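Please read all numbers here as calculations on a predicted model, not as lab measurements. FYI, side chains are in, hydrogens and waters are out, and symmetry mates aren't considered; it's all heavy atoms of this structure. Every number for a ligand or one of its atoms is a count from 1 in the order of the listing.
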Amino acid sequence: MRSAVERAEVGSSIVVCPAKVAGVELARARIIVRGIVQGVGFRPFIYRLANDHELKGWVLNSTEGVVIEVEGSPNRLQEFIADITLKAPPLAVIEKVGTSFLPPVGFQSFIIQASQEQEDKFVLISPDICLCPDCLRELFDPLNRRYRYPFINCTNCGPRFTIIKDIPYDRPKTTMAVFQMCPSCEEEYHNPSDRRFHAQPNACPTCGPRVWLVNGRIASDSFAEGDEAIRMVRYLLSRGAIAAVKGLGGFHLACDATNDASVSLLRERKCRVNKCFAIMSLDCQAVESYCHVSDAERQLLESPQRPIVLLRRKADSPISALVAPNNSYLGVMLPYTPLHYLLLERRRDETETLALVMTSGNMSEEPIAIGNDEALERLRTLADVFLLHDRDIHVRCDDSVTRVFEGKEAIIRRSRGYAPFPVRLSFEMKQILACGAELKNTFCLTKENYAFLSQHIGDMENLETLSSFESGLEHFKRLFRVSPEVIAYDLHPEYLATKYAARLRREGAKVLGTEVQFVPVQHHHAHIASCMAENGVQEPVIGVAFDGTGYGEDGQIWGGEFLVGDFQHFERRVHLKYVMLPGGEAAIRKPYRMAISYLYNLPAALTSGLTLFSRIDPMELEIVRRQIEGRINSPLTSSCGRLFDAVSSLLGICDIITYEGQAAIELEMLADESIEDGYHWPLPRGKFPIAINQEPILGDIIHDLKAGVPIAVISAKFHNAVAEMVSGVCCLIRERDGLSKVALSGGVFQNIYLLKRTLSHLRRRGFEPYIHHQVPCNDGGIALGQAVVANVKVTSPKLRRRSVHVLSGAG
Ligand SMILES: [Zn+2]
Ligand SMILES: [Zn+2]
């Protein structure tokens with residue numbers, strides 16, 4: 001986890017050049033502080049610090065960072081500079097403190113000056129931060145003027161990224177601009193010793209945003225306001241209603257997570273059959289009543305980012321089984337806005353709930369709703385009531401999803417609380433836009449040694465998501481002053497993100513200037529590069545990229561790949577044998593089609609009598625057979641995700657999926673943790689590239705299935721076989737290439753059972769494995785890999801000719 005203040009290097013041996021002014025020895029320093037230093041109470045901190053050290057001068061926000069000029073006794077000046085990093089406010093992240101010394105000018109006081117802007121400079125912007133302990137105390141203090149006020153915040157907490165329209169971060173450039181502060185708020189805002197000094201979203205019940213309740217189904221008029229509205233929502237939720245609740249980065253759909261009927265109704269209305277819902281509880285104490293929480297998990301739950309944390313559920317949990325069907329984990333978060341605290345507070349009455357479902361306010365895979373009118377329209381059939389407010393959300397930002405693996409955070413969806421904080425790279429980057437992948441899209445902009453990964457954009461399968469991508473991109477470009485010189489994109493010609501790149505190229509020089517270069521990056525190369533980049537690895541590695549779908553260099557669908565290479569270049573050493581994907585997309589939605597495809601080449605004596613065949617409509621079975629025989633609409637794939645799908649269906653666990661990865665997830669959930677051995681997977685030797693045959697494994701599985709071996713044991717033996725196979729193949733590659741660093745990436749490695757065992761095999765055999773922590777291993781992390789690959793390709797003159805393609809007008 002990121003510490004609040006990253007210690008930056010501060011010159012310990014600063015040469016101060018004092019001069020005598022009116023007989024007193026004085027020195028003046030000009031200091032530029034870079035990092036997250038705006039919107040976190042940094043200027044008031046500097047103001048107080050300067051006064052403590054009896055220094056005169058000024059401080060201001062600029063597009064470059066916080067700029068300070070101070071003058072006073074040389075010793076006090078030294079102490080002041082050291083204290084900037086030592087005593088920085090809790091939310092500040094100091095990246096760099098630059099100091100230069102100047103002749104004294106005789107400042108008379110210390111003041112906070114108006115912000116300055118410079119076009120090409122940028123600052124880091126704070127993500128949205130959960131309510132701080134001080135504001136929480138005030139929220140429930142009957143004597144405080146913000147008692148039960150749902151928008152209480154201060155310089156240490158509250159909305160940031162989601163309300164910022166431009167930099168520098170000042171109230172007129174946020175969605176708070178429309179609220180005129182009352183005299184009391186104004187006084188706090190201008191008082192340097194106040195916790196709300198220059199807190200841009202500062203507000204109170206007199207002057208700030210309000211909440212109200214609307215029955216969106218019948219009328220859009222408010223029928224309750226303020227605290228009354230919140231009490232009424234609590235009551236309705238306790239009676240089984242579904243409420244749309246406007247949050248920080250978008251709407252949630254909320255219902256009582258312990259009420260089967262409500263959860264089931266929400267699933268029905270949202271057309272979400274099986275995919276897990278996230279839930280929210282008041283505190284860790286409540287969470288521990290239904291989930292196991294380790295110290296590291298507690299820390300993550302309570303962190304200022306307040307992500308959804310995947311936790312192992314307890315057996316006798318009061319949470320409805322429908323919240324996460326066929327899953328032994330629950331996605332849990334703690335409240336992060338004052339409104340959430342008011343919805344969940346313990347009142348010891350019938351409206352108290354242990355946990356609320358808090359799922360994103362959208363229909364299936366559309367972007368999350370953010371505007372009041374938009375929500376009333378789009379969520380009309382989903383919610384019974386709408387808890388609205390009038391603080392506009394400028395930037396859509398879904399909740400982040402994360403987990404603890406081997407004691408460290410391993411993020412699954414990097415969004416609210418994390419974005420737009422950059423991933424810091426160990427090398428300088430050109431200004432690059434990487435467009436990302438199709439599913440779980442995020443884009444990435446780079447500048448200096450920062451990679452600004454966007455918040456979760458979503459599955460780019462509809463125009464709404466594409467337009468969310470485009471507006472998000474414009475916003476990031478503006479905030480971080482990036483004008484891309486290079487555009488990186490996936491090879492897949494049908495990805496919307498790739499088509500976006502193609503359109504940029506067609507519109508060409510008009511929009512971008514003439515110097516822009518376009519670099520296609522193979523999907524699995526991008527996965528591996530992403531893992532290398534976040535781990536600071538630049539030398540060649542063995543890259544194991546296991547996922548569902550990625551466009552290969554040979555035009556086939558890859559996804560079970562062992563690559564060797566670095567950022568510049570890769571070679572495919574080993575891959576799973578190609579099998580047919582009968583019906584294309586249909587085979588992804590219906591894992592039983594994959595099972596049939598795999599079984600097709602096995603002896604009939606082995607496959608006859610499998611229950612799989614009795615579960616499938618004979619007509620459909622015939623169609624699939626014909627598709628395979630005639631190679632009709634059946635592309636080839638080496639996907640590892642599809643192998644997991646096929647096994648899941650073969651074992652009768654999941655024949656048809658309703659969300660991405662379902663068959664594999666349910667297969668993992670059933671795997672018996674106590675089983676150590678696995679099926680023997682023979683590895684062919686010979687000249688690279690080698691294709692690994694999956695048939696022996698499937699044969700063994702069928703034998704066990706027919707012998708009545710429990711599914712949990714078969715699943716475990718399958719997982720163990722894959723883990724063993726990965727390390728076996730890595731040994732083969734090491735013999736030839738002499739590499740011992742292994743980067744694991746791709747959505748298949750979200751499978752904890754598999755990841756744990758793969759790592760242990762690799763370590764035992766002397767490999768140095770790298771996995772993802774800060775960036776998702778799934779397609780949400782692709783953009784970072786695209787950016788670093790493109791950066792190297794355009795800067796290496798030798799490779800440039802060969803690998804920098806011109807987009808051939810795809811789409
Ligand atoms: Zn606060
Ligand atoms: Zn006020």
Side-chain angles (χ1 to χ4, degrees), residues 2 4-5 36-48 87-93 125-164 169-172 174-212 225-227 247-249 282-283 301-306 333-345 389-392 416-417 421:
R2 209 165 67 226
V5 179
I36 296 191
V37 287
Q38 296 189 6
V40 292
F42 207 82
R43 286 174 303 170
F45 154 70
I46 292 296
Y47 179 92
R48 283 190 296 269
K87 298 181 176 169
L91 296 181
V93 180
I125 288 166
S126 169
D128 303 291
I129 296 297
C130 77
L131 194 68
C132 74
D134 289 332
C135 287
L136 180 59
R137 208 171 310 116
E138 289 176 359
L139 179 66
F140 290 110
D141 173 5
L143 300 177
N144 192 282
R145 70 187 189 93
R146 293 187 178 86
Y147 177 56
R148 305 190 68 79
Y149 179 57
F151 301 95
I152 185 170
N153 68 81
C154 71
T155 47
N156 299 324
C157 70
R160 297 286 187 276
F161 175 56
T162 51
I163 61 165
I164 294 178
Y169 174 60
D170 278 330
R171 192 166 172 119
T174 70
T175 61
M176 284 300 292
V178 294
F179 299 97
Q180 178 75 45
M181 273 185 278
C182 70
S184 310
C185 285
E186 192 86 32
E187 198 193 306
E188 293 166 337
Y189 185 87
H190 291 291
N191 177 1
S193 62
D194 196 282
R195 204 172 85 244
R196 297 192 168 89
F197 177 73
H198 282 237
Q200 308 305 344
N202 189 27
C204 77
T206 315
C207 65
R210 340 177 143 258
V211 292
W212 66 95
E225 286 180 23
D227 214 29
L248 198 56
L282 182 64
D283 49 24
L301 279 169
E302 292 177 344
S303 71
Q305 293 91 329
R306 291 286 155 100
M333 59 185 150
L334 299 185
Y336 51 89
T337 69
L339 185 59
H340 295 151
Y341 277 101
L342 294 168
L343 286 173
L344 282 155
E345 71 166 318
H389 65 68
D390 54 2
R391 187 180 68 201
D392 285 347
R416 179 191 48 76
F421 191 76

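- Between the SG atom of Cys185 and the SG atom of Cys207, the angle taken at the Zn ion (ligand 2) works out to 110° after rounding to 10°.
- In this structure, the side chains of Ser184 and Arg145 come closer than 4.5 Å at one or more pairs of heavy atoms.
- Between the SG atom of Cys154 and the SG atom of Cys157, the angle centred on the Zn ion (ligand 1) amounts to 120° when rounded to 10°.
- Geometry about the Zn ion (ligand 1) gives an angle of 110° between SG of Cys135 and SG of Cys132, rounded in steps of 10 degrees.
- Vertex the Zn ion (ligand 2); arms to Cys204 atom SG and Cys182 atom SG; angle 100° (nearest 10°).
- Side chain of Asp170 to main chain of Pro172: no donor-acceptor pair is present (N/O by atom type, distance under 3.5 Å, no hydrogens or angles).
- Using a 4.0 Å cut-off between charged side-chain N and carboxylate O, Arg148 and Glu345 make a salt bridge.
- Between Tyr189 and His198, the ring-plane angle classifies as parallel under the 30° and 60° cut-offs.
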